[in-house]
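Both counts, for ligands and for their atoms, begin at 1 and track the order of listing.
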Amino acid sequence: MKRAIFPGSFDPLTKGHLDIIQRSVPLFDEMIVAVNTDTGDCRMAVESFQGLLVDYAKQREAAAIVRGIRAVSDYDYEVRMALMNRRLEPEIETVFLMAAEEYSYVSSRLLKQVFRLGGRVDGLVPALVEKRMREKLNK
Ligand code: PNS
């Protein structure tokens, strides 16, 4: 049984994240979307974790960590993280998937900034996520 983990802070979850989740589900027997809470197919679970990602991956007996790559700018951060994780836990592979072109410029950080300053983010996050973002902003 090949289980994989898709980790992130997902603050907020974007359509880019959903695209990577949809691409990775057919590749493994089970996918765990792992939300780091230090700072949402039946083969997919959403769990939260604290501490080192590789400790959590090992505890959940995951064979792989899935990460999405948008542009060259992601490469540096992602490779450093993958190599450090491999050093910490050599048996767990990091698998990179290419994000869909239409979401290649979308990041949670950029979305939050645009939204906070009154810009439109519709179409880039699920409708429910946009609703929650509005509720949070109006608090
Ligand atoms: O996509 P993000 O928001 O940059 O996610 C980063 C995440 C959650 C994958 C990373 O911060 C992480 O793994 N944090 C847990 C702590 C850890 O294992 N740090 C060492 C990484 S080499």
Side-chain angles (χ1 to χ4, degrees):
M1 214 271 289
K2 282 262 183 290
R3 176 182 287 150
I5 289 183
F6 179 52
S9 36
F10 306 114
D11 180 27
L13 177 93
T14 70
K15 288 207 175 174
H17 293 132
L18 285 184
D19 173 60
I20 295 295
I21 292 166
Q22 278 157 4
R23 286 174 198 280
S24 58
V25 162
L27 301 178
F28 300 95
D29 299 311
E30 187 183 292
M31 274 299 298
I32 297 174
V33 177
V35 185
N36 185 315
T37 56
D38 286 332
T39 56
D41 190 324
C42 64
R43 287 181 300 162
M44 194 194 87
V46 180
E47 300 183 359
S48 65
F49 76 100
Q50 276 119 25
L52 274 182
L53 174 61
V54 288
D55 287 347
Y56 170 71
K58 197 171 178 198
Q59 177 210 321
R60 297 296 283 114
E61 296 175 356
I65 293 166
V66 174
R67 295 287 290 174
I69 293 252
R70 290 163 297 200
V72 177
S73 51
D74 284 336
Y75 183 83
D76 180 55
Y77 171 63
E78 293 296 337
V79 166
R80 277 188 283 121
M81 196 155 66
L83 292 179
M84 180 60 82
N85 283 335
R86 183 195 278 167
R87 183 176 190 275
L88 293 166
E89 210 51 70
E91 309 93 82
I92 301 173
E93 290 289 351
T94 298
V95 176
F96 293 108
L97 297 181
M98 296 301 298
E101 303 87 278
E102 64 263 42
Y103 303 127
S104 60
Y105 63 97
V106 177
S107 73
S108 297
R109 197 163 60 119
L110 202 59
L111 278 181
K112 270 195 290 192
Q113 194 181 80
V114 168
F115 190 74
R116 210 176 327 114
L117 298 172
R120 290 176 40 224
V121 298
D122 56 296
L124 301 179
V125 292
L128 181 65
V129 170
E130 192 181 344
K131 187 169 169 263
R132 293 276 190 277
M133 287 171 82
R134 183 149 295 116
E135 286 165 2
K136 205 171 157 190
L137 191 72
N138 293 333
K139 258 189 191 164

Quick one: does Asp122's side chain get under 4.5 Å of Glu130's, heavy atoms only? yes
Kindly confirm or rule out an N or O of Leu53 lying under 3.5 angstrom from an N or O of ligand 1. yes
If we set the cut-off at 4.0 Å for heavy atoms, which region of Tyr77 has an atom near ligand 1: side chain, backbone, both, or neither? side chain
Is Glu135 paired with Lys139 through a side-chain N to carboxylate O contact shorter than 4.0 Å? no
Taking only heavy atoms of Gly51, which atoms of ligand 1 are found under 4.0 Å from at least one of them? 15 (C), 16 (C)
Among Val66, Ile69, Asp74, the one residue meeting side chain to side chain contact (heavy atoms under 4.5 Å, CB included) with Phe96: Ile69
Looking at Gln113, I'd like to know if its CD atom is crowded, meaning that more than 12 non-hydrogen atoms belonging to other residues, nucleotides or ligands lie closer than 6.0 Å. no
Ligand 1 atoms nearer than 4.0 angstrom to some heavy atom of Asn36 are 8 (C), 14 (N), 15 (C)
Taking C-beta and beyond as the side chain, do Pro7 and Asn36 meet within less than 4.5 Å on heavy atoms? no
Around atom 20 (C) of ligand 1, find the nearest protein heavy atom and jot down its residue, atom name and distance. Leu52 CD2, 3.9 Å
Within the supplied structure, the quantity of interest is the number of heavy atoms (other residues, nucleotides, ligands) at a distance under 6.0 Å from Arg86 CZ; does it exceed 12? no
Under a 4.0 Å threshold between the charged nitrogen and the carboxylate oxygen, would Lys15 count as salt-bridged to Asp19? no
Ligand-side contact atoms (ligand 1) for residue partner Met84, heavy atom cut-off under 4.0 Å: 22 (S)
What atoms of ligand 1 come within less than 4.0 Å of a heavy atom belonging to Asn85? 21 (C), 22 (S)
Any idea which part of Arg80 is under 4.0 Å from ligand 1, heavy-atom wise: side chain, backbone, both or neither? neither
Would you mind checking which non-hydrogen protein atom is closest to atom 3 (O) of ligand 1, with the distance to 0.1 Å? Ser9 OG, 2.6 Å
Could you find the nearest protein heavy atom to atom 10 (C) of ligand 1 and give me its residue, atom name and distance? Met81 SD, 3.9 Å
Apply side-chain contact (heavy atoms from CB on, under 4.5 Å) to Val95 and Phe28, showing your working. CA-CA 11 Å; Val95 176; Phe28 300 95; 4.3 Å; yes
Atom 1 (O) of ligand 1: which protein heavy atom is closest, and how many Å away? Arg67 NH2, 3.1 Å
